[in-house]
Amino acid sequence: MTEETDLESLKRGTELVKRGFARMQKGGVIMDVVNEEQAKIAEEAGAVAVMALEAVPADIRKRGGVARMADPADVADIVDSVSIPVMGKSRIGHRKEAEILQAVGVDMIDESEVLTPADDAYHIDKREFTAPFVCGARNLGEALRRIDEGAAMIRTKGEAGTGDVNQAVHHQRTIKGSIRKLIGMNWEEREKWAREHEAPADLVHETAEMGRLPVVNFAAGGIATPADAALMMYHECDGIFVGSGIFGAEDPEAMGEAIVQAVNNHDDPETLAEIASNLGKSMKGDANVDLPEEEKMQGRGV
Amino acid sequence: MTLIAGVVAVQGDVSEHADAIRRAGRAHGEDVVVHEIRQSGTVPECDVLLLPGGESTAISRLLHDEGIAPEIVAHVDAGKPLLATCAGLIVASRDAKDDRVDELGVLDVSVDRNAFGRQKDSFEAPLDVAGLDDPFPAVFIRAPVIDAVGDDVDVLASWDDNPVAVRQGAVVGTSFHPELTTDSRIHDLAFFDSVAVDA
């Protein structure tokens, strides 16, 4: 027998609901797409969500100029075309782009350094939104500042659009290394660490006690192959964003499916060997060491 | 006695379910060993199974790619307990009315995916559940609703007249996420109360 439940007692957009959404993405691959056709291919390949963009980061990089939020009509078309969650990118600090994306119905907003920052001092106050946010970080201080502003998910910044996994590894190692140091510290040392790294002290203590970030921690920025995805899972990421790596590859369907399978089998080299075989060319990419400082996106919005 | 709990870990909120079943086990003085299931071969060793929340299209695809799907069906056919939440419920159902999901058919219900809407419509609310004294803090995230149940299925809870928690034999399915809070009563109900009754 079922009893009456008070329908008026529901609460939307709470921390639990926003962070809960991020948790459902764990162990999954989120793929960048620029139209409905690509979104359907990503869904068919086993993506847990798609990121709706006007252009993938590799093309944004090539094109130069100001990179902005995608046309809301195009984002809405992608939202209508698939059953999995759809995310959209707003510029750092561009509250109005984020509000528009929320109004269009995206399931998560990426306040992203891949687009040209709209504010050089402040990020969006994400606590006021019903939609959950994901933000990039290069180190633990950045990650905790973003969580303090309301981010429900953190991803490594890496160096987007390069196809070079080097910086994603560097950022994940940096975050994990700092957490290991915090675990070994006493209360006063953690307070001092918080001051030195401009991180909120309560989140520093919480992270040290949990031994991990208090929100889901994905890898992003330069992941281009199944082996790259497996490497980031080895570095204890909760899941993977693949930007230009899917639709910049010779055979996007095969590459997408292989990256999904590689995340599930990241600790089994023999299965990985099968998964990584005969996929055609992966994206060409640009090595991080050859990239001029001024072309790097990761220093935007710290 | 040690209870071997398999958490299907191809995608979704796996660690939350692992924590929840360990917590429920501790409260019942039972030793719980958790196996995370990413490939075939592990399910037959498990006493109970948990099918987490996540994305039903991705989970369903990997369960079939990895050959885990028939093992779960055999587990349920043998009368062993299974708790399936949200995407897990969709995958476990008889009919998800969507070609993108290949259902296991171990729970005689049909479901509507994302019936509450998109993430902006996701919510938490206290929910009355049959067999629990106080309301359960239910978290619904892009949740499905159950729109038809078979004769052998008991409805344990409803939201706005739609069933959101059901039991059929040793299988319990919920549209919401009992693993997202520290309240283990749904895990108790799915595993420890029923195990005790069967024994």
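In what follows, chains are A, B, ... by sequence order, proteins preceding strands, each numbered from 1. Owing to the predicted nature of the structure, the values given are computational and were not obtained by experimental measurement.
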So, taking the atom named [atom1] in [X] and the one named [atom2] in [Y], what distance separates them when rounded to the nearest 0.5 Å?
X	Y	atom1	atom2	answer
B:I146	B:L89	CD1	CG	5.0 Å
A:D228	A:I223	CG	CD1	7.0 Å
A:L213	A:I154	CG	CD1	6.5 Å
A:M69	A:L53	CE	CG	12.0 Å
B:L156	B:L132	CG	CG	8.5 Å
B:T2	B:D47	OG1	CG	9.0 Å

Mutual orientation of the aromatic rings belonging to [X] and [Y] [parallel < 30°, tilted 30-60°, perpendicular > 60°]:
X	Y	result
B:F192	B:H28	parallel
B:H187	B:F191	tilted
B:F136	B:F176	tilted

Practice task
Counting only heavy atoms closer than 4.5 Å, note whether A:A49 contacts chain B via side chain, backbone, both or neither.
Solution key: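 Neither the backbone nor the side chain of A:A49 comes within 4.5 Å of chain B.
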Exercise for the section: Using non-hydrogen atoms and a 4.5 Å limit, figure out which bit of A:V216 sits close to chain B: side chain, backbone, both or neither. Expected result: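 Nothing of A:V216, per the 4.5 Å heavy-atom cut-off to chain B.
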Practice task
Could you verify whether a donor N or O on one side chain and an acceptor N or O on the other, from B:S122 and B:Q119, lie under 3.5 Å apart?
Solution key: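 The criterion, which ignores hydrogens and geometry beyond distance, is satisfied for B:Q119 and B:S122.
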Problem - Exercise: do A:N217 and A:Q172 side chains pair donor with acceptor under 3.5 Å - result: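 Checked: A:N217/A:Q172 side chains pair up, N/O donor to acceptor below 3.5 Å.
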Handout entry: Best-contacting candidate, B:N114, B:D121, B:I59, against chain A by heavy atom pairs under 4.5 angstrom
Key =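 Among the listed options, the one with the most contacts to chain A is B:D121.
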Handout entry: Most chain A-contacting option - heavy-atom pairs closer than 4.5 Å, from B:R142, B:E55, B:K120
Key =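 Answer, by heavy-atom pair count under 4.5 Å with chain A: B:R142.
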Under a 4.5 Å cut-off applied to non-hydrogen side-chain atoms, are [X] and [Y] in contact?
X	Y	value
A:F129	A:I124	yes
A:M153	A:F241	yes
A:N35	A:D74	no
A:M87	A:Q25	yes
B:P52	A:K26	no
A:I30	A:V242	no
B:T181	B:E124	no

Problem - Under 3.5 Å: donor-acceptor pair, side chain of A:D251, backbone of A:A254 - result: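 Yes, A:D251 side chain to A:A254 backbone: donor-acceptor pair under 3.5 Å.
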Exercise for the section: Would you check, one step at a time, whether the test side-chain hydrogen bond (donor to acceptor under 3.5 Å, both in side chains) holds for A:R212 with A:T207? Expected result: CA-CA 6 Å; A:R212 57 155 296 145; A:T207 301; over 6 Å; no
Using heavy-atom distances under 4.5 Å, tell me whether [X] contacts chain A through its side chain, its backbone, both, or neither.
X	result
B:A9	backbone
B:R61	side chain
B:T57	side chain
B:D160	both
B:V139	side chain
B:I141	side chain

Go through [options] and name the one with the most non-hydrogen pairs under 4.5 angstrom from chain B.
options	value
A:A131, A:S83, A:G46	A:S83
A:P132, A:A47, A:G13	A:P132
A:L16, A:V260, A:V29	A:L16
A:G239, A:P85, A:G27	A:P85

Practice task
For chain A, find its close neighbours in residues 97-107 of chain B: heavy-atom separation under 4.5 Å, sorted by number, or none.
Solution key: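 Counting heavy atoms that sit under 4.5 Å from chain A, the residues of residues 97-107 of chain B involved are B:D98, B:R100.
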Exercise for the section: Identify the residues of residues 15-27 of chain B whose heavy atoms come closer than 4.5 Å to a heavy atom of chain A, ordered by number, or report 'none'. Expected result: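 Checking residues 15-27 of chain B against chain A gives B:S15, B:E16.
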Do NZ/NE/NH1/NH2 and the carboxylate oxygens of [X] and [Y] come within less than 4.0 Å?
X	Y	value
B:D154	B:R167	no
A:E43	A:K40	no
A:D238	A:R155	no

Exercise for the section: Tell me the residues of residues 94-112 of chain A whose non-hydrogen atoms fall below 4.5 Å from those of chain B, in number order. Expected result: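 Residues in range: A:Q102, A:G105, A:D107.
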Exercise for the section: Identify the residues of residues 261-271 of chain A whose heavy atoms come closer than 4.5 Å to a heavy atom of chain B, ordered by number, or report 'none'. Expected result: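 Heavy-atom contacts from residues 261-271 of chain A to chain B are A:Q261, A:N264, A:N265.
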